[in-house]
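Below is one structure, written out as structure tokens; comments come after it.
Basis for what follows: all heavy atoms, side chains included, without hydrogens, waters or symmetry-related copies.
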Protein chains: 2
Amino acid sequence: MPPRSKAPISRRDRPAKPALTRQGIVATAVTILRAEGLAKVTMRRLAKELDTGPASLYVYVANTDELHAAMLDELLGEVDLDAAAHGGDWRERLAGVLTSYTFMLFAHPELARAALAARPSGEHYLRLLERLLSLLDEGGVPPAQAAWGVDTLLQAATATAAETSARAQSPHADQEWDALSEALHGADERTHPHLHALAAHLLGGTPQQRLSWHFRMLINGIAHTPVGDRAEYRR
Amino acid sequence: MPPRSKAPISRRDRPAKPALTRQGIVATAVTILRAEGLAKVTMRRLAKELDTGPASLYVYVANTDELHAAMLDELLGEVDLDAAAHGGDWRERLAGVLTSYTFMLFAHPELARAALAARPSGEHYLRLLERLLSLLDEGGVPPAQAAWGVDTLLQAATATAAETSARAQSPHADQEWDALSEALHGADERTHPHLHALAAHLLGGTPQQRLSWHFRMLINGIAHTPVGDRAEYRR
DNA sequence: ACCTGAACACCGTTCAAGT
DNA sequence: ACCTGAACACCGTTCAAGT
């Protein structure tokens, strides 16, 4: 508890200004994120919201990247760790948790990009890791593979959200996708035979279908690829 | 060839200012990137380098993200498409190309983050896609799996570079990694049994070992996971 | 130790006006 | 059509000085 304030009475006409805390800063940042998006969560704006100057924030937060990581951990609290728990096998439940994680990032998409730069290390992140590891353990996946595997699972989910978000956001992103689509459909059969033949497959499928295949594919790969120096492939 | 200039002679004391072109803009951007990093590649700085105002660039480039994508395609020309071609099987050669791609991004790490937001669609990108598809075809991977698979392979490589880059860059990044390391090693055995047991595995391995396993794992997964609505897992 | 005002050194993008 | 000066509306971070 802080000592009783010695501030002069002349401060009386403002509502009691709450003391700055790391928690309060992060909570306010998340509020702005939900209401106006990550672009508006700047040190200056945050300071204004907290009725102080930007310099004051640096007592509690090292820099913008660290702030983003802390915000992500806060949001990780929303992830449903028991998604698809209804009697499916471990793989379905694992995919369910990952899908819940991905959808959370879809809802706050700009944060996904930031998440690749600065991974969170807060309690919600640890809880998520623990849950993923327990599901892999349940499936009998060897510990070394499981440990490296969770990293790749979260990376895939985060990167997918980061990609999808960017496209959904800017009005220019559509044009870029069109450019790729046109390039693939117009691929020269002689110089790029595979692109030419697979254009439809490359661009096909709904985001949901591709995400679902992606998780299944990773789970298969993780379960069947031993850690070790020598390259070992199945079959 | 442009028409002979009608500019008045009074312009004589400057070295002939080259006409703006998209190619020239991207080339200059890459030069600044190599010399000073992506943070210095701003519209204003680029304009100054090209002896014009920032507004002029918007005739050729829609926005900063699009510029980044074009720069990445330029750098993609450096990727060795025949890496590890010395008689290894298709999987080793595939991993070799992906490693070459990843190392290129390690050298220009900030661009990797940007690459997730705006995928390139230039000739070098198409060449890379074509090569990856041909190797998967050589391995007999079914077309639908190969098409979705290349996306995940490039995503994994790009995301890995984006993560690694951020850590290598900021002086604060070390502290963040330490925070995660400490959190994992200090995980409570009762509440987080798997984290506690696997802390060493989670943090272990060299980046090279993990990357190599990652690619092997993906190749296994892609080769053995059929596309389809029903969840199908091996074994 | 914690907090702050002010400053430093910049940004991306738009738009009306020119050629 | 292409190009531009100027403006709009901002940034992150540091630091000396205060309490």
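- The listed nucleotides are D:dT13, C:dC3, D:dT4; the one nearest the side chain of A:S56 is C:dC3.
- Atoms CG (A:L50) and P (C:dC3) sit 12 Å apart, rounded to a whole Å.
- Between A:K40 and A:A55, the residue anchored closer to the 5' end of DNA chain D is A:K40, taking for each the nucleotide with the nearest heavy atom.
- Rounded to an integer number of Å, the gap from OH of B:Y58 to P of D:dT4 is 15 Å.
- Side-chain N/O atoms of B:T42 include one lying less than 4.0 angstrom from OP1 or OP2 on C:dC11.
- The same atom, P, is picked in D:dC3 and in D:dA7; the two are 23 Å apart, to the nearest Å.
- Among D:dT4, D:dC15, C:dT13, the nucleotide with an atom closest to any side-chain atom of B:T64 is C:dT13.
- Taking atom CE on A:M43 and atom C1' on D:dC15, their separation rounds to 16 Å, with Å as the unit.
- Comparing D:dA6 with D:dC2, their P atoms are spaced 24 Å from each other, to the whole Å.
- Note on A:R22 versus A:E66: salt bridge recorded, some NZ/NE/NH1/NH2 to OD/OE distance being below 4.0 Å.
- In this structure, CG of A:L20 is placed 10 Å from C1' of C:dC2, rounded to the nearest angstrom.
- D:dG12 is paired with C:dC8 under the Watson-Crick or G-U wobble criterion, all donor-acceptor distances under 3.5 Å.
- Put simply, CD1 on A:I25 is 9 Å from P on C:dC3, counting in whole angstrom units.
- Between the A:R34 side chain and the A:A29 main chain, no donor and acceptor come within less than 3.5 Å of each other.
- Here C:dC2 sits opposite D:dG18 as a Watson-Crick or G-U wobble pair (both hydrogen-bonding atom distances under 3.5 Å).
- Distance CG (A:D51) to P (C:dG5): 9 Å, rounded to an integer number of Å.
- Atom CZ of B:R44 and atom C1' of D:dC10 are 10 Å apart (whole Å).
- With D:dG12, C:dT13, C:dC11 as the choices, the nucleotide that has an atom nearest any side-chain atom of B:N63 turns out to be C:dT13.
- Taking atom CG on A:L57 and atom C1' on C:dC3, their separation rounds to 11 Å, with Å as the unit.
- Put simply, the side chain of A:H68 never gets that close to the backbone of A:A114: no donor and acceptor are under 3.5 Å apart.
- We find that A:E78 and A:R127 are not joined by a salt bridge, their nearest charged nitrogen and carboxylate oxygen being 4.0 Å or further apart.
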query = Run the side-chain hydrogen bond (donor to acceptor under 3.5 Å, both in side chains) check on A:H192 and B:E130 step by step: do they pass?
reply = CA-CA 6 Å; A:H192 299 82; B:E130 175 68 21; 5.7 Å; no

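- Atom P of D:dA9 sits at a distance of 24 Å from the matching atom of C:dC8, rounded to the whole Å.
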